[in-house]
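Taking it in order: structure first as structure tokens, then the write-up.
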Amino acid sequence: MLRDITLGQYYAKDSVIHRLDPRVKIVAVIVYIIMLFLVRDFIGYAVSFAAAAAVICASGVPFRFILRGMKPVAVILALTFLLNLFLYPGTVLLSAGPFHITQQGLHQALFMACRLILLIFGTAILTYTTKPMKLTDGMEALMSPLSRFGFPAHEIAIIMSIALRFIPMLVQEADKIMKAQQARGADFESGNIIRRVRSLMPLFIPLFIGAFRIAQDLAMAMEARCYRGGTGRTRLHVMKLHKRDAAASVLLAVYAGLILAERILPALF
Amino acid sequence: MPIIAENISHVYNKGQPDETYALRDVSFSIEDGEFIGIIGHTGSGKSTLIQHLNGLLKPDSGRILIDGRDIMSKDVSLRGIRRKVGLVFQYPEYQLFEETVAEDVAFGPKNLGIPPDETDQRVREALRLTELDYDEIADRSPFELSGGQKRRVAIAGVLAMRPEVLILDEPAAGLDPKSHVQILEMIRRVREERKVTVILVSHNMDDVARLCSRVFVMEKGELILSGTPREVFSQTELLRKAGLGLPAAADLIFRMRTLGADIDGDILSAEEAADAVIKWLRKKGKRGR
Ligand SMILES: Nc1ncnc2c1ncn2[C@@H]1O[C@H](COP(=O)(O)OP(=O)(O)O)[C@@H](O)[C@H]1O
Ligand SMILES: [Mg+2]
């Protein structure tokens with residue numbers, strides 16, 4: 001049951017999208033997200049969907065993996081859709097008892113659902129095609145100009161990368177502990193809510209203790225290898241921009257241009 | 001309570017890029033009172049295999065029969081199976097969580113709905129079996145004990161369920177030599193006293209040769225060899241291919257043989273090795289004279 005967590009999982013493959021510089025990919029996703037919030041009608045979403053689909057195809061990540069990344073947010077998605085559908089005021093299309101579906105409500109519900117789905121597509125592509133370590137390297141590089149003003153860019157990046165590496169470890173650890181307690185007759189699945197929360201104590205206590213143990217070991221190992229923070233540290237893999245990164249940036253600009261034009265032009269006329 | 005595995009296979013992360021066949025078509029049967037040793041290289045599927053025996057993992061194909069009934073069928077209670085088949089995981093001390101040792105050991109019996117006075121009795125018995133002093137230790141926090149003591153407490157937690165089959169996954173891993181010997185001695189005594197079937201996963205060939213009545217050899221998810229320790233440890237070639245060694249005494253004789261000493265017989269224990277070497281020296285002496 002813990003295996004379903006795919007958020008932030010990397011899909012190993014050697015595609016042009018995988019090879020892109022992480023900085024370019026992060027900027028692209030940020031631009032893409034901003035564009036999604038600027039879009040005013042379904043034409044903009046169609047363009048965004050086409051762009052996302054093209055990138056997914058180029059990345060070679062099977063579409064079902066992208067869809068699986070949606071599972072954890074499916075509830076939020078459904079809730080947003082239903083709330084918008086039933087609670088938005090406007091011209092009534094359909095009504096049954098206390099429930100009314102308005103024309104504007106339907107539009108709004110579809111609109112928000114599209115936005116959410118496309119948002120997930122974007123972040124899913126990023127995490128499926130970029131190794132966590134590269135992702136944090138990229139973020140660190142993008143944030144590093146801020147370190148001149150005392151912003152702890154390196155520290156934030158290392159915290160993120162360690163956290164990212166801890167997640168699968170903790171999931172595994174939790175799985176092991178759960179099995180061990182199940183072997184002793186523990187039951188994590190039945191009973192009322194209070195019983196269920198209580199039944200989690202045998203899981204959380206060893207899990208936290210284990211997390212502290214691992215954290216301490218890691219800190220010691222890092223110190224034993226003379227880790228001393230960001231200043232003056234050099235990198236094993238120096239990030240360099242290639243032609244493909246330039247090409248990707250041009251395509252990104254075209255996409256952003258299309259969305260902006262679509263938003264602004266009607267206003268001009 | 002015989003345990004039968006019929007052609008079980010297990011795949012982790014099916015359909016994903018990191019799909020792993022952890023078990024392939026494994027079959028065996030274990031009779032009451034046996035002492036089974038499971039050996040195999042790291043990643044050969046030992047832990048996966050034993051988790052099938054109490055229904056923690058479900059085979060992707062094949063079935064496990066306990067008392068003649070498929071444990072995955074609807075009318076078999078998994079909790080009942082887990083009571084009868086006690087499983088001690090690797091590094092079990094990392095799973096302790098209660099405030100006191102006594103409460104931690106009582107976790108299993110409580111889950112089984114055993115009344116308090118009987119639970120208390122079982123806790124005392126389990127601590128005695130694991131050679132821990134109830135009066136001294138029962139009210140202490142499990143987290144302030146030594147590594148060896150913590151492991152005993154964890155094993156006591158499984159014994160308190162009074163299983164009929166006791167499975168231990170590398171129970172001596174990471175212990176100092178003295179605690180190692182003590183833990184194995186304890187397992188041997190538990191087996192004699194409680195008449196349980198024991199399944200021991202181990203990397204120590206000497207322990208397996210000395211204690212077990214039958215040995216299973218796993219390689220890459222397959223059960224490649226099973227038999228008495230003597231039968232198994234005479235298959236030097238197969239074991240070497242599976243990345244495994246021999247018990248120290250058998251290894252010594254094997255090396256002497258490769259250097260040209262004509263010693264015969266399957267040798268397992270130090271005593272047998274000593275006898276064989278003496279016999280060989282005498283023979284050599286006579287020939288030399
Ligand atoms: N929870 C798991 N998820 C995915 N793969 C696993 C898991 N547990 C074990 N494996 C894989 O299954 C194989 C057998 O592992 P395991 O049964 O732990 O072997 P052993 O106990 O003999 O070292 C290994 O390749 C291991 O990487
Ligand atoms: Mg193992």
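Below, chains carry the letters A, B, ... as their sequence lines are ordered, and counting in each starts from 1. Every value quoted in this text rests on a predicted model; they were computed, and no experiment measured them. Hydrogens, waters and symmetry mates are skipped; everything else that's a heavy atom, side chains included, is used.
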Next on the checklist: Let's test your reading of the structure: which of A:P62, A:A186, A:S199, A:G210 forms the most heavy-atom pairs below 4.5 Å with chain B?
Outcome noted: A:A186

Next on the checklist: Would you say that more than 12 heavy atoms from the other residues, nucleotides or ligands in this model lie under 6.0 Å from the CG of B:D139, or not?
Outcome noted: no

Next on the checklist: Strictly less than 4.5 Å between heavy atoms, which residues of residues 105-113 of chain B line up against chain A? Please order them by number.
Outcome noted: B:V105, B:F107, B:G108, B:N111

Checklist outcome for this item: Output for pair (A:K176 NZ, B:L56 CG), nearest 0.5 Å, gives 14.0 Å

Item to check | Nearest-0.5 Å distance that lies between atom CZ in B:R79 and atom CD in A:Q182 | outcome: 10.0 Å

Item to check | Side chain / backbone / both / neither for B:L96 at chain A, heavy atoms under 4.5 Å | outcome: backbone

Checklist entry - Is it the backbone or the side chain of A:I177 that comes under 4.5 Å from a heavy atom of chain B, or both, or neither? => result both

Checklist entry - Does NZ in B:K84 sit with more than 12 non-hydrogen atoms of other residues, nucleotides or ligands closer than 6.0 Å? => result yes

Item to check | Segment of B:L57 engaging chain A (4.5 angstrom heavy-atom cut-off) | outcome: side chain

Checklist entry - Considering residues, nucleotides and ligands other than A:Q216, do more than 12 of their heavy atoms fall under 6.0 Å from its CD? => result no

Checklist entry - Does atom CD of B:E99 have more than 12 heavy-atom neighbours from other groups under 6.0 Å away? => result no

Checklist entry - What is the minimum heavy-atom distance between A:I205 and B:F143, and which atoms define it? => result CG2-CZ, 4.3 Å

Please list, one pair per line, the donor and acceptor atoms closer than 3.5 Å that link side chains of residues 218-226 of chain A to other protein atoms, with sequence neighbours excluded.
none

Next on the checklist: B:R83: which residues meet the salt bridge (charged side-chain N to carboxylate O under 4.0 Å, His left out) condition with it, sequence neighbours left out?
Outcome noted: B:E164

Checklist entry - Between B:P163, B:G157, B:G86, which residue shows the highest count of heavy-atom pairs closer than 4.5 Å to chain A? => result B:G157

Next on the checklist: For B:K150, I'd like to know if atom NZ has over 12 heavy atoms of other residues, nucleotides or ligands within 6.0 Å.
Outcome noted: yes

Checklist entry - Which bit of B:F89 is near chain A, if near means a heavy-atom gap under 4.5 Å: side chain, backbone, both or neither? => result side chain

Item to check | Heavy-atom check, side chain of B:F97 versus side chain of A:P202, under 4.5 Å | outcome: yes

Item to check | Segment of B:Q51 engaging chain A (4.5 angstrom heavy-atom cut-off) | outcome: side chain

Checklist entry - Considering residues, nucleotides and ligands other than A:F212, do more than 12 of their heavy atoms fall under 6.0 Å from its CZ? => result no

Checklist outcome for this item: The side-chain hydrogen bond (donor to acceptor under 3.5 Å, both in side chains) partners of A:R213 (sequence neighbours excluded) come to none

Checklist entry - Any donor-acceptor pair under 3.5 Å linking the side chain of A:Q181 with the backbone of B:Q95? => result yes

Checklist entry - Should the heavy atoms of other residues, nucleotides or ligands under 6.0 Å from OH of B:Y21 be counted, would the total exceed 12? => result no

Checklist entry - Given that the side chain runs from C-beta out, which part of A:F204 has a heavy atom under 4.5 Å from chain B: side chain, backbone, both or neither? => result neither

Checklist entry - With a 4.5 angstrom heavy-atom cut-off, which part of A:A12 approaches chain B: side chain, backbone, both or neither? => result neither

Checklist entry - Are B:D104 and A:R184 close enough for a salt bridge, meaning some N to O gap below 4.0 Å? => result yes

